[in-house]
Amino acid sequence: MSDEKKDFIREIIASDLESEKHAAPITRFPPEPNGYLHIGHAKAIGVNFGIAAEYADLGARCHLRFDDTNPVKEDTEYVNSIKEDIAWLGYDWKEHLYFASDYFDFFYDCAVALIEKKLAYVDTQTPDEIRKQRGNVNEVGTPSPHRERTVEENIELFKKMREGGFQDGGAVLRANIDMESFNMNMRDPVLYRVVHAHHHNTGDKWCIYPMYDFAHPLEDAKEHITHSLCSLEFENHRPLYDWVVENCPVPSQPRQIEFARLNIGYTVMSKRKFIQLVDEGHVSGWDDPRMSTLSGMRRRGYPPEAIRSFVKTVGLTKQNSLTDLSLLEFEIRQHLNKVALRKMAVLDPVKVIITNYPADGSEKVEVPNNPENEECGSRELTFAREIYIEREDFLVDAPKKFFRLRPEGAVRLRGAYIIKHVGHEVDENNEVTEIHCEMIPDTIGQPAPEGVKCRTAIHWVSDCDAIDAEVRLYDRLFTEELPDSAEGGYLNCLNPASLKVIHGAKVEPSIAAMTQGERCQFERLGYFCADLKDHDLTKPVFNRIITLKDSWGKKK
RNA sequence: AGUCCCAUGGUGUAAUCGGUAACACAGCUGAUUUUGAUUCAGUCAUUCAAGGUUCGAGUCCUUGUGGGACUGCCA
């Protein structure tokens, strides 16, 4: 275990180890396979797998357990995507892959044990009647008329439930706890319900399914989970969790600890909303690069390392918070700055003709692949008479502090010559169509000669070997920091500019070697990722992962 | 309205037994720079409120205030 500051959960674990309550922590990540994982899950994954990794030398481990107790919502498609996302993040559950549905017999036996202890009974009232009797936060509940059934009766009825003797909603097994409890979860909660549905794992073997509150503590106990970490919303469920552990024949006593879930601005974080965004066509799919799903972030090009360090920096507390996106963005940029190879791409090209350079001439110039890391080597670029630069890098009416190309001004082409503006052409809309420049000889690798003002270097590509590419620029999906609080709901504040597709981008030839998912920096523009699905050598497609920081853009 | 949980710079967090409130991000200023990036230096800014205990309170107590969870046969 490292010397780093421990959060409250790691403190508890350390103290449980100290007191020898446990020899090693055993944690679990227990998703329901009913949707794709999102950045919020990454926090839970990082916490649970992270803790296990920190105590690996003691034999700690983290289970991946699919909490599949509701057949109507779950599907194998999701178990596969969840596994893929966890592996992508860099975590390994090793042989500890479990399904709650593999424990159905165990749950059933525990239910029977509760019945025998008079701690559970079958209620054959309608859902509506049961709801009314539960009362509300101000009023105590009233006991079910079926609460006093005999053990024999209950055993009989429970068996009938299992054997298909009831329609959906016809009967439930309830815990016999306290209808007057301040905690609604303790007012004789439902333990089992009848659902005649096909289960992705158990098929049609069962027509009764355990509720989360009953199943979860039993799953944890069965797997000898020591610390069952979940989000704050389950705080009020903990007494029931403990009740189940205490009253059922279980092999271990897990402890539930709650922590605050991750909230991030300008995005939504619920399966229901993701589904709506996909179904209504606001995004292209679960893996749309604007989505905060892990599959979306992967496709966008976010490095898993950055997500992991992000999760680490947001910490672990019981405080509800709204984390600023800039914390994640910092981690992404920091990681990519170190590893991404630099390339040149012009997104909005305007042609520059070097009038004093021979039309049939060309030469190789050498540029570093990553100035941050010499070991990344360098590559050759071809300089020729006709090149492209970014339209916004030439301003006819440039402000004083504009460092790039202006009429009669000079600017360096990154890795190549300093060029000097001698003229340009415009179309009927006064849009620049072509720029004429002269190169200043002997300025490659050399400082600007006396009398030439040149404050920066701009990126460029040669017309002769540039590759056309599609580039997709992404912005936040919503215009409000809290989309859910927006007037008219989150769909009402969708950002119309969240996706901008550029078709005529010109990119240096070295991208021909890039494969799907590979990341690079397009100098001065940002970090980009060859699209995981659409990119190929005949039709390159890049996603902008994130822009570079831009203190000039802000001042403008 | 009841029960439970939470409250530290703009954001996320830290602060050992009650003993100098700190770190990262963001912002701002400057230096360096063949990426207006990076890097470097500096800077702004913090204990929800009121009482109490104490030599001393972010930390303990009381009362407020603000936020969150709970009234599924979802998880």
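Just so we're on the same page: letters track the sequence lines, and every chain starts at 1. Worth knowing before you read on, the calculation uses all heavy atoms, side chains too, and leaves out hydrogens, waters and symmetry mates. Because the structure is a prediction, the values reported are computed rather than measured.
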Enquirer: Between A/Asn34 and A/Phe402, name the one whose nearest nucleotide on RNA chain B is closer to the 5' end.
Expert: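 By nearest-heavy-atom nucleotide position, the 5'-most residue is A/Phe402.
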Enquirer: What nucleotide, of B/C73, B/C70, B/C25, holds the atom closest to the side chain of A/Val190?
Expert: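 Out of B/C73, B/C70, B/C25, the nucleotide with an atom closest to A/Val190's side chain is B/C73.
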Enquirer: Quick one: does A/Gln521 reach the base of B/U35 with a side-chain donor-acceptor pair under 3.5 Å?
Expert: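 Between B/U35 and A/Gln521, which were checked side chain against base, a qualifying N/O pair under 3.5 Å is present.
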Enquirer: Taking only side-chain N and O atoms of A/Thr317, does any of them lie within less than 4.0 angstrom of OP1 or OP2 on B/G12?
Expert: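 For B/G12, neither OP1 nor OP2 has a side-chain N or O of A/Thr317 closer than 4.0 Å.
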Enquirer: Name the nucleic acid region contacted by A/Thr443, choosing base, sugar-phosphate or nothing; use a 4.0 angstrom heavy-atom cut-off, strictly under.
Expert: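 Since a base atom lies under 4.0 Å of A/Thr443, the category is base.
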Enquirer: Using atom C1' of each nucleotide, how far apart are B/C55 and B/G18 to the nearest Å?
Expert: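 Straight-line distance between the two C1' atoms is 12 Å.
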Enquirer: With sugar-phosphate meaning primed atoms plus P, OP1 and OP2, does A/Pro31 contact a base, only sugar-phosphate, or nothing at under 4.0 Å between heavy atoms?
Expert: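 No contact at all - A/Pro31 keeps every heavy atom at 4.0 Å or more from the nucleic acid.
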Enquirer: Looking at A/Lys549, I'd like to know whether one of its side-chain N or O atoms comes within less than 4.0 Å of OP1 or OP2 on B/G27.
Expert: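 Answer is yes, contact under 4.0 Å.
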Enquirer: Quick one: are the ring centres of A/His216 and A/Tyr212 less than 6.0 Å apart?
Expert: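 Yes, they do, as the ring centres are separated by less than 6.0 Å.
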Enquirer: Among all residues two or more places apart in sequence or in another chain, which pass the ring-ring contact (aromatic ring centres under 6.0 Å, His included) test with A/Tyr36?
Expert: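 If we apply the ring-ring contact (aromatic ring centres under 6.0 Å, His included) test to A/Tyr36, skipping adjacent residues, the hits are A/Tyr78, A/Trp286.
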Enquirer: Could you tell me whether the side chain of A/His199 and the main chain of A/Asp68 form a donor-acceptor pair under 3.5 Å?
Expert: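 A pair under 3.5 Å: yes.
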Enquirer: Rounded to whole angstrom, note down the P distance from B/U20 over to B/G10.
Expert: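 Comparing P positions in B/U20 and B/G10 gives a spacing of 23 Å.
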Enquirer: Could you tell me whether A/Lys159 atom NZ has more than 12 heavy atoms of other residues or ligands within 6.0 Å of it?
Expert: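 No, because the 6.0 Å sphere around NZ of A/Lys159 holds 12 heavy atoms or fewer from other groups.
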Enquirer: State whether the distance check finds a donor on one side and an acceptor on the other, under 3.5 Å, for side chain A/Arg342 versus base B/U35.
Expert: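 Counting by modelled atom types and ignoring angles, a donor-acceptor contact under 3.5 Å is found here.
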Enquirer: How would you label the glycosidic angle of B/G72: syn (within 90° of 0) or anti?
Expert: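 Judged by the O4'-C1' to base torsion, B/G72 sits in syn, the angle falling within 90° of 0.
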Enquirer: If you pin A/Pro447 and A/Ser326 to their nearest nucleotides in RNA chain B, which one's is more 5'?
Expert: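 Its nearest nucleotide being more 5', the pick is A/Ser326.
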Enquirer: Between atom CD in A/Glu372 and atom C1' in B/U39, what is the gap in whole Å?
Expert: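 The answer, rounded to whole Å, is 7 Å.
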Enquirer: Whole-Å distance between B/U71 C1' and A/Met179 CE?
Expert: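 Answer to the nearest Å: 11 Å.
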Enquirer: Under 3.5 Å, is there a donor-acceptor pair between the A/Thr267 and A/Arg476 side chains?
Expert: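 Their side chains do not contain a donor-acceptor pair, so the 3.5 Å distance test is not met.
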Enquirer: Can you see if the side chain of A/Arg272 gets near the phosphate of B/C74 - specifically, an N or O under 4.0 Å from OP1 or OP2?
Expert: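 Answer no for this pair, as no side-chain N or O of A/Arg272 is under 4.0 Å from OP1 or OP2.
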Enquirer: Need one value for A/His237: base, sugar-phosphate or nothing, where a base atom within 4.0 Å counts as base even if backbone is also close, heavy atoms only.
Expert: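 The answer is base, as A/His237 lies within the cut-off (heavy atoms under 4.0 Å) of a base atom.
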Enquirer: Between B/G36, B/U71, B/C73, which nucleotide gets closest to the side-chain atoms of A/Pro127?
Expert: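 So the nucleotide nearest the side chain must be B/C73.
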Enquirer: To the nearest angstrom, how far is A/Lys401 atom NZ from B/G36 atom P?
Expert: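 It works out to 14 Å between those atoms.
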Enquirer: Can any side-chain N or O of A/Gln256 pair as donor or acceptor with the backbone N or O of A/Phe234 at less than 3.5 Å?
Expert: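 Checked: pair present.
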Enquirer: Side chains of A/His63 and A/Glu223: any donor to acceptor distance under 3.5 Å?
Expert: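 Side-chain D/A pair, A/Glu223 to A/His63: present.
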Enquirer: Just wondering, do A/Phe182 and B/G2 stack (centres under 5.5 Å, planes under 30°)?
Expert: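 So A/Phe182 does not count as stacking on the base.
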Enquirer: What's A/Gln446 touching, base or sugar-phosphate or nothing? Going by heavy atoms closer than 4.0 Å.
Expert: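 Base contact.
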Enquirer: If you take the centroid of each ring, where Trp contributes its six-membered ring, are A/Tyr209 and A/Phe107 closer together than 6.0 Å?
Expert: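 No, ring centres 6.0 Å or more apart.
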Enquirer: Checking one value: the base orientation of B/C17, syn if chi is within 90 degrees of 0, otherwise anti.
Expert: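 Syn, since the glycosidic angle lies within 90° of 0.
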Enquirer: Considering just the side-chain nitrogens and oxygens of A/Ser551, establish if one lies under 4.0 Å of OP1 or OP2 belonging to B/A37.
Expert: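 For A/Ser551, the contact criterion (side-chain N or O under 4.0 Å from OP1 or OP2 of B/A37) is met.
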Enquirer: What's the closest nucleotide to the A/Met211 side chain, out of B/C70, B/U35, B/C73?
Expert: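 Side chain of A/Met211 sits closest to B/C73.
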Enquirer: Remember a base hit wins even if backbone is also touched, and classify A/Asp324 as base, sugar-phosphate or nothing at under 4.0 Å, heavy atoms.
Expert: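 The answer is sugar-phosphate, as A/Asp324 gets under 4.0 Å only of primed atoms, P, OP1 or OP2.
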Enquirer: With a 4.0 Å cut-off on heavy atoms, is A/Leu322 in touch with a base, just the backbone sugar-phosphate, or nothing at all?
Expert: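 A/Leu322: backbone/sugar contact only, no base atoms under 4.0 Å.
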Enquirer: So which protein N/O to nucleotides 64-68 of chain B N/O distances come out below 3.5 Å?
Expert:
residue, atom, partner, partner atom, Å
B/G68, O2', A/Asn320, ND2, 3.3

Enquirer: When the distance from CD1 of A/Ile130 to P of B/U71 is rounded to whole Å, what number comes out?
Expert: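 For the pair A/Ile130 CD1 and B/U71 P, the rounded distance is 16 Å.
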Enquirer: Under 3.5 Å, is there a donor-acceptor pair between the A/Glu233 and A/Ser231 side chains?
Expert: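 Result is yes, a qualifying pair exists.
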Enquirer: Can you check whether A/Gln319 has a side-chain N or O nearer than 4.0 Å to OP1 or OP2 of B/A7?
Expert: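 So the side-chain polar atoms of A/Gln319 do come within 4.0 Å of the phosphate oxygens OP1 or OP2 of B/A7, strictly under.
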Enquirer: Pairs counted as Watson-Crick or G-U wobble with both distances under 3.5 Å: what dot-bracket string results for RNA chain B, using | for bases tied to another strand?
Expert: .((((((..((((.....[..)))).(((((.......)))))....(((((..]....))))))))))).....
Enquirer: Pick base, sugar-phosphate or nothing for A/Glu32, based on heavy-atom distances below 4.0 Å to the nucleic acid.
Expert: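 Sugar-phosphate contact only - A/Glu32 comes under 4.0 Å of backbone atoms but never of a base.
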Enquirer: If you take atom types as modelled and just measure distance, does the side chain of A/Arg412 reach the base of B/U34 with a donor-acceptor pair under 3.5 Å?
Expert: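 Indeed, a donor on one side and an acceptor on the other fall under 3.5 Å apart.
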Enquirer: Between P on B/C5 and CD on A/Gln256, what's the gap in Å once rounded to a whole number?
Expert: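 Checked: the CD to P distance equals 14 Å.
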Enquirer: Quick one: the side chain of A/Arg455 and the base of B/G36, do they pair up donor-acceptor inside 3.5 Å?
Expert: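 For A/Arg455, whose side chain was compared with the base of B/G36, there is no donor-acceptor pair (under 3.5 Å).
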Enquirer: NA contact type, A/Arg414, heavy-atom cut-off 4.0 Å: base, sugar-phosphate, or nothing?
Expert: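 Since a base atom lies under 4.0 Å of A/Arg414, the category is base.
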Enquirer: Using distance alone, with no hydrogens and no angle criterion, decide if A/Ser326 and A/Asp324 have a side-chain donor and acceptor under 3.5 Å apart.
Expert: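 Yes, A/Asp324 and A/Ser326 have a side-chain donor paired with an acceptor closer than 3.5 Å.
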Enquirer: Do A/Arg149 and A/Thr124 have side-chain N/O donor and acceptor atoms under 3.5 Å apart?
Expert: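 A donor-acceptor contact under 3.5 Å links the two side chains.
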Enquirer: Anything under 3.5 Å between a donor and an acceptor, one on a side chain of residues 438-451 of chain A, the other on a protein residue two or more places apart or in another chain? List them.
Expert:
residue, atom, partner, partner atom, Å
A/Thr443, OG1, A/Ile418, N, 3.0
A/Thr443, OG1, A/Ile440, O, 2.6

Enquirer: In whole angstrom, what separates A/Asn183's CG from B/A69's C1'?
Expert: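 About 11 Å, once rounded to whole Å.
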Enquirer: Under 4.0 angstrom, heavy atoms only, what part of the nucleic acid is A/Ile444 near: base, sugar-phosphate, or nothing?
Expert: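 Touches a base.
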Enquirer: Base, sugar-phosphate or nothing for A/Val314? Non-hydrogen atoms, less than 4.0 Å.
Expert: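 Sugar-phosphate: the residue A/Val314, judged by heavy atoms under 4.0 Å, touches backbone atoms but no base.
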Enquirer: Grab the CG-P distance between A/Leu548 and B/U38 for me, whole Å please.
Expert: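 Going from CG in A/Leu548 over to P in B/U38 covers 7 Å.
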Enquirer: Would you please say whether a donor-acceptor pair under 3.5 Å links the side chains of A/Asp123 and A/Gln125?
Expert: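 Judged by distance alone, the side chains do pair up.
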Enquirer: Check ring-ring contact (aromatic ring centres under 6.0 Å, His included) between A/Tyr527 and all other residues, then give those that pass, not counting sequence neighbours.
Expert: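 A/Tyr527: no ring-ring contact (aromatic ring centres under 6.0 Å, His included) contacts found.
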Enquirer: Between A/Asn320 and A/Asn263, is any side-chain donor less than 3.5 angstrom from a side-chain acceptor?
Expert: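 Result is no, nothing qualifies.
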Enquirer: Looking at RNA chain B, which of residues 330-339 of chain A put a heavy atom within less than 4.0 Å of it?
Expert: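 A/Phe330, A/Asn337, in order of number.
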Enquirer: Less than 5.5 Å between centroids and less than 30° between ring planes, does A/Tyr212 satisfy that with B/A75?
Expert: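 Not stacked by the 5.5 Å and 30° rule.
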Enquirer: Could you tell me how far apart A/Glu233 (CD) and B/C74 (C1') are, to the nearest whole angstrom?
Expert: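 That distance rounds to 11 Å.
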Enquirer: Need one value for A/Ser309: base, sugar-phosphate or nothing, where a base atom within 4.0 Å counts as base even if backbone is also close, heavy atoms only.
Expert: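 Result for A/Ser309 = nothing.
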Enquirer: Under a 3.5 Å cutoff, is there a donor and acceptor pairing between the side chains of A/Asp75 and A/His200?
Expert: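 Checked: A/Asp75/A/His200 side chains show no N/O donor-acceptor pair below 3.5 Å.
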Enquirer: Would you indicate what A/Gly526 reaches in the nucleic acid, counting non-hydrogen atoms under 4.0 angstrom: base, sugar-phosphate, or nothing?
Expert: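 The answer is nothing, as A/Gly526 stays clear of every strand by at least 4.0 Å.
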Enquirer: Describe the nucleic acid contact of A/Phe234 in one word from base, sugar-phosphate, nothing, applying a heavy-atom distance below 4.0 Å.
Expert: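 The answer is base, as A/Phe234 lies within the cut-off (heavy atoms under 4.0 Å) of a base atom.
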Enquirer: Does B/U13 have its OP1 or OP2 closer than 4.0 Å to a side-chain nitrogen or oxygen of A/Ser321?
Expert: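 Answer yes for this pair, as a side-chain N or O of A/Ser321 is under 4.0 Å from OP1 or OP2.
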